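Just below is one structure, and these are the notes that go with it.
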Number of protein chains: 2
Amino acid sequence: MVDSVKSPDELTDIFRARGLKVTPQRQLIFRVLHDELRHATAEAVHARASRDMPTMSLRTVYQTLNDLAAMGEIVQLDLGTGSSRFDTNLDAHQHLVCAECGSVRDIVVDSADIELAEATLEGFAVSSTDIVFRGRCASCAAGARSDVPSTPPLSEETATHA
Amino acid sequence: MVDSVKSPDELTDIFRARGLKVTPQRQLIFRVLHDELRHATAEAVHARASRDMPTMSLRTVYQTLNDLAAMGEIVQLDLGTGSSRFDTNLDAHQHLVCAECGSVRDIVVDSADIELAEATLEGFAVSSTDIVFRGRCASCAAGARSDVPSTPPLSEETATHA
DNA sequence: CCGCTGTTCTCAACGATTGTCAACAACGTG
DNA sequence: CACGTTGTTGACAATCGTTGAGAACAGCGG
Ligand SMILES: [Mn+2]
Ligand SMILES: [Mn+2]
Ligand SMILES: [Zn+2]
Ligand SMILES: [Zn+2]
């Protein structure tokens with residue numbers, strides 16, 4: 001039902017098929033993406049991977065994430081939170097971004113709802129529609145202090161999802 | 001009919017009212033924003049302003065743009081093009097961003113079209129909806145080479161608008 | 001087990017933006 | 001209109017996320 005990131009094994013095959021080598025670093029990143037992180041920053045992936053492989057460099061994480069994104073196995077997002085997020089959900093969808101804690105949640109908006117009048121497009125060919133709903137998540141509304149985004153830009157689909 | 005950036009005179013009054021000093025630099029920036037630039041980067045504003053006042057520093061431009069944005073006199077946008085754009089159009093609207101030349105065009109999407117099922121929100125309070133349609137503008141489609149975004153991130157609502 | 005390639009790692013550079021702070025100018029006051 | 005206070009400017013360094021370079025290194029086919 002969901003078109004999510006492929007399994008480490010599948011990604012391994014894909015990399016091999018492209019003549020790319022399958023290193024322990026890459027395998028670890030595959031696993032992290034598949035099993036744990038949803039909208040992770042490179043930093044977050046690195047932090048998680050470093051636990052299992054302390055020598056893992058941030059550079060390698062960026063490299064592999066970029067490779068995966070280039071192959072379309074993950075999607076690079078710019079949600080305006082400072083750093084890129086890498087989305088393992090490949091289905092067409094949009095995001096709810098909490099202005100306070102920075103958590104990211106998937107949401108599906110019927111694209112039929114966003115019909116643009118052809119006339120107003122004036123020849124512009126839309127190839128993708130990025131919608132970001134900004135606001136405050138439930139958990140922030142609960143503990144809430146209404147002022148500034150307290151928690152600095154976070155590293156992942158924060159807390160919240162429990 | 002359009003809620004656009006206020007006139008230099010009005011902005012002058014607003015700044016004075018807040019105890020902020022009205023310097024020639026600021027006045028120049030007010031004029032540039034009001035008369036010329038629509039979705040300018042700080043760099044673009046600086047380039048334009050520097051023509052009339054060569055000593056103008058980029059730092060001052062950032063400062064003033066941030067001040068104006070903080071007061072709600074302009075809107076800071078992150079369209080994923082590398083640097084912030086400052087929008088002088090204060091009406092609720094969205095953007096068409098050309099992947100090739102980076103041009104930005106306003107477009108109005110009936111927000112009623114984007115009704116989110118309350119249920120799916122699960123307590124998330126949406127405060128703003130940012131929609132960015134990415135694709136290729138008419139003029140790029142005309143001269144078009146279909147590959148990479150040739151023209152690097154631009155400085156403004158490029159060419160196109162003639 | 002060998003070697004060719006593609007990889008990893010370290011470290012420096014990058015672009016956009018902000019912090020710092022001394023020199024400076026706006027503007028209310030006398 | 002000169003004066004002093006206070007906010008502002010401009011030069012410069014620092015920050016953050018990300019990428020470039022190059023040498024050491026490890027897949028993987030032979
Ligand atoms: Mn997502
Ligand atoms: Mn606009
Ligand atoms: Zn939150
Ligand atoms: Zn274009």
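Within every chain, numbering begins at 1; the chains are lettered A, B, ... in the order of the sequence lines, protein sequences first and strands thereafter. All figures in this text were calculated on a predicted structure; none of them were measured in a lab.
- Taking only side-chain atoms of A/R26, from C-beta outward, the nucleotide of D/dT8, C/dT7, C/dC9 with the closest atom is C/dT7.
- Phosphate proximity of C/dC9 to A/T55: present, with a side-chain N or O under 4.0 Å from OP1 or OP2.
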*asked:* Using the rule given for side chain to side chain donor-acceptor pair (under 3.5 Å), can you reason through A/Q63 versus A/R59, listing the C-alpha separation, both sets of side-chain angles and the distance that settles it, and then say yes or no?
replied: CA-CA 6 Å; A/Q63 212 123 265; A/R59 189 71 182 80; 3.0 Å; yes
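- Side-chain contact between B/I29 and B/V45 is present, with heavy atoms from C-beta onward closer than 4.5 Å.
- B/L58 places its CG atom 12 Å from the C1' atom of D/dA11, with the value rounded to the nearest Å.
- The backbone N or O of A/P8 lies less than 3.5 Å from a partner atom in the side chain of A/T12, making a donor-acceptor pair.
- At a cut-off of 3.5 angstrom, counting only N and O atoms as typed in the model, there is a donor on one side and an acceptor on the other between the side-chain of A/R59 and the base of D/dG20.
- Within the 4.0 Å cut-off from OP1 or OP2 of D/dG17, not a single side-chain nitrogen or oxygen of A/T41 is found.
- Distance B/R16 CZ to C/dA25 P: 17 Å, rounded to the nearest Å.
- Distance, A/Y62 OH to D/dA21 P: 18 Å, rounded to whole Å.
- Contact annotation for A/T23: backbone-only contact, meaning every heavy-atom pair under 4.0 Å involves sugar-phosphate atoms and none involves a base.
- Atom-to-atom, CG of B/L20 to C1' of D/dT9 comes out at 14 Å; the value is rounded to the nearest Å.
- Each of B/A42 and B/Q63 was assigned the nucleotide of DNA chain C with the nearest heavy atom; the assignment lying further toward the 5' end belongs to B/A42.
- Along DNA chain D, the nucleotide closest to B/T60 and the one closest to B/G19 are compared, and the more 5′ of them pairs with B/G19.
- Looking at A/D130 and B/R134, a side-chain N of the basic residue comes within less than 4.0 Å of a carboxylate O on the acidic one, giving a salt bridge.
- Relative to the side chain of B/K21, the nucleotides D/dT8, C/dT8, D/dT9 differ in distance, and D/dT8 lies closest.
- Classification of the B/H93-B/H39 ring pair by plane angle, with boundaries at 30° and 60°, yields tilted.
- As rounded to whole Å, 16 Å separates atom C1' of C/dG15 from atom NE2 of B/H46.
- Atom pair A/L65:CG and D/dG17:C1' shows a separation of 13 Å (rounding to whole Å applied).
- A/D67 has its CG atom 11 Å from the C1' atom of C/dG6, to the nearest Å.
- If you take CD of A/Q25 and C1' of D/dA24, they are 13 Å apart, rounded to a whole angstrom.
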